[in-house]
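Down below is the structure, laid out as structure tokens.
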Amino acid sequence: MPDILTSRFLFGPGPSNCYPEAMAALAYPVLGHLDPVFIERLDRTCEGLRAVWGTSNARTLPLSATGSGGMEAAFVNTVSDGDVAVIAVNGLFGARMCEVARRCGATVVRVDHEWGQPVDADRVLSAHPNPKVIAAVHAETSVGVLSDIAALGAGKGDALLITDAVTSIGGLELLADDWGIDVGYAGTQKCLGVPPGLSPFTVSDRAFEQRVTDPRSWYLDIGLLGGYVGAASGARTYHHTAPVTMIAGLEAALDRILAEGLDVVQARHRAAGAALQSGLQEMGLELFAAEGARLPSLTTVKVPDGVNSSAVRSYLLENFSMEIGSGVGEFADTVWRIGMMGPNANSASVTLVLGALKEAIDKA
């Protein structure tokens with residue numbers, strides 16, 4: 001039986017190490033999902049999510065699902081048979097969007113980009129004259145690239161803009177209302193510093209009015225879910241048994257982030273990412289993502305020639321109890337992914353990772 005007390009430095013693409021406030025809240029007494037105390041907690045959580053999303057959307061809530069469930073909810077509520085979905089693909093999660101939209105019956109117009117490059121808004125916006133939705137990943141975890149969502153929002157026309165913010169929410173600037181995001185989904189396990197299991201989700205009034213009214217998924221039907229959080233009239237309609245303990249953890253993390261100051265948290269993530277990337281280059285390593293579009297929260301670095309990627313990661317795990325991620329797809333053995341997210345986004349983490357990685361490369 002594995003040691004249940006094993007501790008790891010989680011510097012991979014997620015989950016990250018969690019804020020202590022979130023972990024402490026996981027030990028709160030379990031409440032009923034209709035308990036007035038829990039309903040107050042849920043309301044506070046939704047309000048905190050509005051702050052990190054940069055939105056006033058009434059239908060902003062923690063979906064009882066991971067980020068991939070949020071992706072599915074985004075498409076199942078917006079597209080049905082024959083609807084055109086223009087989807088930017090510059091990594092794994094853009095490609096996954098295409099598959100989810102296809103299964104919802106959409107006609108997918110895929111706009112491929114070289115992995116490691118940001119989304120070209122002009123190409124995406126000109127891909128189809130009248131799509132139902134346009135979709136893109138804000139912070140593409142698979143390649144460490146940040147894309148300009150505001151440019152897509154400015155040119156979307158009548159289309160609904162769907163945005164994946166899994167690796168940006170809670171750590172990077174995210175302005176859903178200002179950028180024209182109609183449907184956004186994310187995850188808790190990265191910059192928010194909460195264990196995986198919830199998907200912060202937001203839907204604009206415009207998107208709600210144009211939603212699929214009888215979607216393929218009952219569980220992810222935003223019309224029903226909005227009623228559960230009292231988005232329509234304040235009255236609550238039972239939908240499902242919410243993961244009350246997970247929501248307590250998310251509430252605590254949001255309180256902690258907003259107490260520090262969202263701008264301060266974002267600056268901390270930017271500084272940690274910049275220091276890590278500078279340190280890696282000083283070690284003679286080459287970064288993978290395009291200069292000018294590199295994610296501060298998730299850095300991709302090329303594995304040096306002659307170095308065994310898996311052996312280095314195993315050395316880090318065995319000798320430092322440290323996790324970094326491999327690349328994905330064709331880059332599985334040639335790229336490392338190193339996260340500086342949540343409480344890990346600090347100078348001490350950068351120093352630890354750089355020193356451990358140098359030793360691992362030398363000795364693995």
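Under a 4.0 Å N-O distance rule, the pair Glu209/Arg206 does not qualify as a salt bridge.
Rounding to the nearest 0.5 Å gives a distance of 13.5 Å between CZ of Phe75 and CZ of Arg216. The structure places OG of Ser314 at 8.0 Å from CG of Asn308, a figure rounded to the nearest 0.5 Å. The OG atom of Ser326 sits 11.5 Å away from the CH2 atom of Trp336 when rounded to the nearest 0.5 Å. Atoms CZ and OG, from Arg211 and Ser204 in turn, are 12.0 Å apart once rounded to the nearest 0.5 Å.
A centroid separation of 6.0 Å or more is found between the aromatic rings of Phe38 and His33.
Between the side chains of Glu359 and Tyr315, at least one donor N or O sits under 3.5 Å from an acceptor N or O. For Arg8 and Ser321, the side-chain atoms include at least one donor-acceptor pair closer than 3.5 Å.
Applying the side-chain hydrogen bond (donor to acceptor under 3.5 Å, both in side chains) test between Thr202 and each of Thr60, Thr163, Asp177 identifies Thr60 as the sole match. Screening Leu298, Asn344, Thr299 for a side-chain contact (heavy atoms from CB on, under 4.5 Å) involving Phe11 leaves a single residue, Asn344.
Within the structure, the salt bridge (charged side-chain N to carboxylate O under 4.0 Å, His left out) test picks out the following pairs touching residues 278-297 (sequence neighbours left out): Glu286-Lys302.
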For residues 191-199, which side-chain N or O atoms pair as donor and acceptor with protein atoms under 3.5 Å away, sequence neighbours left out?
unit_1 : atom_1 : unit_2 : atom_2 : d
Ser199 : OG     : Ala186 : O      : 2.7

